[in-house]
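A short write-up of the structure that comes next.
Every chain is numbered from 1, with letters handed out A, B, ... down the list of sequences.
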2 protein chains.
Amino acid sequence: MAVAKAARVSPSTVSRSFNHPGLVSPATRKRITRAVEKLGYIRNRAAQSMHGRRNATIGLIVPTIDHAIFAEVIQSFSDSIDRAGFTLLIASHSYDLDREYAMMRKLMEHRVDGIALVGFEHSDASLRLLEQQGTPAMALWNYAPDSLLPCVGADNREAGRIAADHLLGFGHRDIGLVFPRPDGNDRASARLWGARDRLSAAGVPLIADWQWEASYSIAQAKQVAQDLLRRAHRPTALLCGNDVIAQGVIYGAQSCGLRVPEDISVIGIGDFKGSAEMEPGLTTIRIPARSIGEIAGERFTDLITGASEDHFRICCPLECIVRGTARPL
Amino acid sequence: MAVAKAARVSPSTVSRSFNHPGLVSPATRKRITRAVEKLGYIRNRAAQSMHGRRNATIGLIVPTIDHAIFAEVIQSFSDSIDRAGFTLLIASHSYDLDREYAMMRKLMEHRVDGIALVGFEHSDASLRLLEQQGTPAMALWNYAPDSLLPCVGADNREAGRIAADHLLGFGHRDIGLVFPRPDGNDRASARLWGARDRLSAAGVPLIADWQWEASYSIAQAKQVAQDLLRRAHRPTALLCGNDVIAQGVIYGAQSCGLRVPEDISVIGIGDFKGSAEMEPGLTTIRIPARSIGEIAGERFTDLITGASEDHFRICCPLECIVRGTARPL
DNA sequence: GGATTTTATGAAAACATTTGCATTACTATT
DNA sequence: AATAGTAATGCAAATGTTTTCATAAAATCC
């Protein structure tokens with residue numbers, strides 16, 4: 001900080017004038033400010049963090065950035081922590097829990113003030129690492145009343161149930177399920193279990209032949225739909241693990257000459273950007289990504305700065321958005 | 001580093017064993033490694049960076065994360081620099097150049113090793129700041145043969161031209177243009193100029209009434225399309241500034257009872273995720289987001305580590321993807 | 001107007017790491 | 001066997017900032 005010492009004060013005073021402006025006289029403060037501007041000084045957060053001081057940096061590890069729903073939550077989380085003066089360090093692991101561990105280490109090398117993860121399913125090593133390093137952590141996107149980590153998210157099991165309910169309410173009994181692979185993805189598996197629960201409870205048999213797998217890609221879902229809809233005996237409704245799959249399924253149906261919802265009903269989960277504007281609009285269970293990101297950012301920065309203490313667990317409400325892709329039998 | 005000194009060596013040796021493993025004998029190296037594992041030591045990148053040493057951190061400033069096309073390029077850029085051992089610090093400015101400047105300062109406080117920006121349009125203050133701080137910088141997404149910053153991207157003007165060409169080649173003369181606001185967004189404005197150039201060159205008059213503005217949102221584009229298509233005299237083809245707008249426009253047309261491409265042709269720019277799978281598939285100009293991000297990451301890390309010196313300017317080729325939404329008159 | 005409190009500032013230690021220089025202990029070379 | 005050369009390590013200084021403690025100056029009190 002020899003630089004701003006050109007204001008003829010000691011480094012200590014410069015530091016104070018940044019962090020506790022009240023402690024330095026207006027005159028010197030002005031002199032420092034002028035020197036800072038003149039020299040184009042930018043303070044060094046790295047050097048700060050060496051004193052156990054905060055870095056003003058939060059690490060976020062997501063399965064992938066390149067997916068509508070995560071993009072939305074990343075954006076709002078980023079905006080939210082930005083308001084509290086924090087910057088986002090981001091890493092993705094492509095649904096690979098070992099890579100998640102590696103990313104966590106990487107973020108820790110940068111001494112982030114906290115790490116936000118997606119969901120509850122993490123390797124033991126990761127959890128141990130967090131514990132051992134004492135890094136504040138939270139889970140985004142999922143909610144559970146008894147979660148180990150503080151969390152802000154929705155109840156995915158409930159989402160599956162609501163979707164199933166909606167279809168059942170319309171009198172559907174022949175319901176097919178199209179979901180992403182459940183391993184390493186507790187969102188998908190919770191939704192799947194929720195849906196199955198509700199269907200079983202209603203006495204609807206789960207036909208093994210009507211359970212399909214599609215990853216998070218429109219193309220693959222479209223393919224799956226094309227395969228399944230060409231069969232002789234097909235469901236009257238399709239419950240999809242997320243809106244991307246639902247969109248793919250609808251395109252697949254259309255390309256087979258089937259009309260949605262006249263020939264087949266489709267319901268998604270998520271309410272991603274664009275789902276409302278489709279023709280017909282996608283009936284889906286809305287997961288409020290924007291507010292999840294925003295609330296998570298607020299709560300997490302509060303927790304980090306010590307503004308609040310508690311182990312928060314916040315459940316963001318789901319909503320069944322009735323549009324045009326599902327209709328009564 | 002008193003911690004790993006439990007391996008009975010000096011801090012210097014530990015540091016060397018991390019950064020120049022060749023300089024320390026295999027025996028001690030092993031001893032150090034064991035101690036590191038036992039104590040769960042994670043090295044402190046912040047402390048490194050205080051020696052003018054690199055941070056292994058790259059800052060990326062995008063207009064928004066929450067947009068298919070940026071999400072894709074962010075993802076591939078992130079993966080690419082990750083391979084070189086770097087981590088991504090991300091910030092977004094919502095198409096506000098003053099906020100971009102603020103974000104740049106924020107990233108500089110963290111002493112990032114380099115800053116990647118989207119496009120060429122930046123405030124003078126931002127450019128001056130980069131210059132003054134000597135931070136390596138690059139432009140993502142755009143290409144220009146004479147760009148100030150090193151760049152990896154596509155020629156957006158050319159994209160507009162190709163799109164116009166495709167429509168002209170199909171015999172269309174009554175062509176409407178739907179674009180995002182061009183200010184602070186040189187991608188959009190370059191495309192718009194490219195398209196207009198080509199249309200003028202072909203002797204097609206630009207009807208003021210057929211130039212519409214829609215931001216990057218399906219909903220708004222849908223609205224615009226609904227308004228314009230209800231008029232008596234309407235174009236036979238719509239050239240859209242990007243695929244999101246094109247998608248919105250198509251939904252808008254469908255909701256007005258018009259069929260695409262029978263009643264109206266639509267062409268987009270970008271080839272975003274999902275454009276291929278629509279029904280009908282969206283005819284568009286493909287901008288190779290994945291390879292832009294990947295190449296940019298490679299070149300930029302090379303430049304930062306000093307592996308290569310040159311002021312790179314890389315033009316990624318565009319491609320006209322002919323699908324089903326545009327057809328000959 | 002001296003004693004006491006308050007306010008403003010500086011000096012120095014601390015943080016975790018890197019690096020140039022010095023040192024020690026070997027290994028070749030003659 | 002002596003010399004030069006090399007390999008492995010340590011010492012100490014340096015990095016930019018914060019913080020504790022000390023000091024100096026000014027303001028307040030009776």
Side-chain donor/acceptor of B/Ser12 to base of D/dC11, under 3.5 Å
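Check passes, donor-acceptor contact within cut-off.
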- Query: Has the side chain of A/Arg16 got a donor or acceptor that lies under 3.5 Å from a partner of the other kind on the base of C/dG10?
  - Reply: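 Such a pair exists between side chain and base.
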Could you check how far [atom1] of [X] sits from [atom2] of [N], rounded to whole Å?
X        : N      : atom1 : atom2 : value
B/Arg45  : D/dG16 : CZ    : P     : 20 Å
A/Arg8   : C/dG10 : CZ    : P     : 11 Å
A/Leu23  : D/dA25 : CG    : P     : 20 Å
B/Tyr41  : C/dA16 : OH    : P     : 9 Å
A/Ile32  : C/dG10 : CD1   : P     : 8 Å
B/Glu109 : D/dG16 : CD    : C1'   : 14 Å
B/Arg29  : D/dA7  : CZ    : P     : 14 Å
A/Ile42  : D/dT17 : CD1   : P     : 11 Å

State whether [X] places a side-chain N or O below 4.0 Å from either non-bridging phosphate oxygen (OP1 or OP2) of [N].
X       : N      : result
A/Asn44 : D/dT15 : no
B/Gln48 : C/dT17 : no
A/Thr28 : C/dA8  : no

Among all residues two or more places apart in sequence or in another chain, which pass the ring-ring contact (aromatic ring centres under 6.0 Å, His included) test with A/Phe18?
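Partners of A/Phe18 by the ring-ring contact (aromatic ring centres under 6.0 Å, His included) criterion, ordered by chain and then number, come out as A/Tyr41.
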Any residue meeting ring-ring contact (aromatic ring centres under 6.0 Å, His included) with B/Tyr95, in chain and number order, not counting sequence neighbours:
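Here the qualifying residues are B/Tyr216.
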- Message: Side chain of B/Val9 only, heavy atoms from C-beta on: which candidate in C/dG10, D/dG10, D/dT17 is closest?
- Response: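 My answer, after comparing the listed nucleotides, is D/dG10.
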Can you tell which of C/dT17, D/dT17, C/dA8 lies closest to the side chain of A/Ser25?
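That would be C/dA8.
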Work out how much the helix from C/dG1-D/dC30 to C/dT30-D/dA1 bends between its end axes, five pairs an end, to the nearest 10 degrees.
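Taking five pairs per end, the axes differ by 30°.
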Checklist entry - So which pairs with a foot in residues 42-51 of chain B pass salt bridge (Lys or Arg N to Asp or Glu O under 4.0 Å), sequence neighbours left out? => result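 Listed once each, the pairs are A/Glu109-B/Arg43, A/Glu109-B/Arg45.
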Review point. Applying ring pair (Phe, Tyr, Trp, His ring centres under 6.0 Å), which residue pairs with at least one partner in residues 103-133 of chain B are found, sequence neighbours left out?
Key: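 Those involving residues 103-133 of chain B do not exist here.
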Output all residues satisfying salt bridge (Lys or Arg N to Asp or Glu O under 4.0 Å) with B/Asp310, sequence neighbours left out; order by chain, then residue number.
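Salt bridge (Lys or Arg N to Asp or Glu O under 4.0 Å) list for B/Asp310, sorted by chain: B/Arg299.
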**OP:** Please name all residues satisfying salt bridge (Lys or Arg N to Asp or Glu O under 4.0 Å) with A/Arg99, sequence neighbours left out, ordered by chain then number.
**Re:**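 Checked A/Arg99 against salt bridge (Lys or Arg N to Asp or Glu O under 4.0 Å); matches are B/Asp82.
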*asked:* Could you tell me if the side chain of B/Asn142 sits less than 4.5 Å from the side chain of B/Val152, heavy atoms only?
replied: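 No, their side chains stay 4.5 Å or more apart.
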*Without hydrogens or angle criteria, can the side chains of A/Ser15 and A/Ser12 be said to hold a donor-acceptor pair below 3.5 Å?*
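Result is no, nothing qualifies.
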* Asked: Just checking A/Thr13: base, sugar-phosphate only, or nothing, at a heavy-atom cut-off of under 4.0 Å?
  ->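 Answer is sugar-phosphate: A/Thr13 comes under 4.0 Å of backbone atoms only.
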inquiry  = Restricting to non-hydrogen atoms, name the atom on A/Ile287 and the atom on A/Ile292 that form the minimum distance, rounded to 0.1 Å.
reply    =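 A/Ile287 and A/Ile292 have their closest heavy atoms at CG2-CD1, 3.9 Å.
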Do any side-chain atoms of residues 61-71 of chain A form donor-acceptor pairs under 3.5 angstrom with protein atoms, and if so which ones, sequence neighbours left out?
{"unit_1": "A/Thr64", "atom_1": "OG1", "unit_2": "A/Asp66", "atom_2": "N", "d": "3.0"}
{"unit_1": "A/Thr64", "atom_1": "OG1", "unit_2": "B/Gln75", "atom_2": "OE1", "d": "2.9"}
{"unit_1": "A/Asp66", "atom_1": "OD2", "unit_2": "B/Arg290", "atom_2": "NH1", "d": "3.3"}
{"unit_1": "A/His67", "atom_1": "ND1", "unit_2": "A/Ile69", "atom_2": "N", "d": "3.2"}

Considering only heavy atoms, which members of residues 50-58 of chain B lie under 4.0 Å from some atom of DNA chain C?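 Output list: B/His51, B/Arg53.
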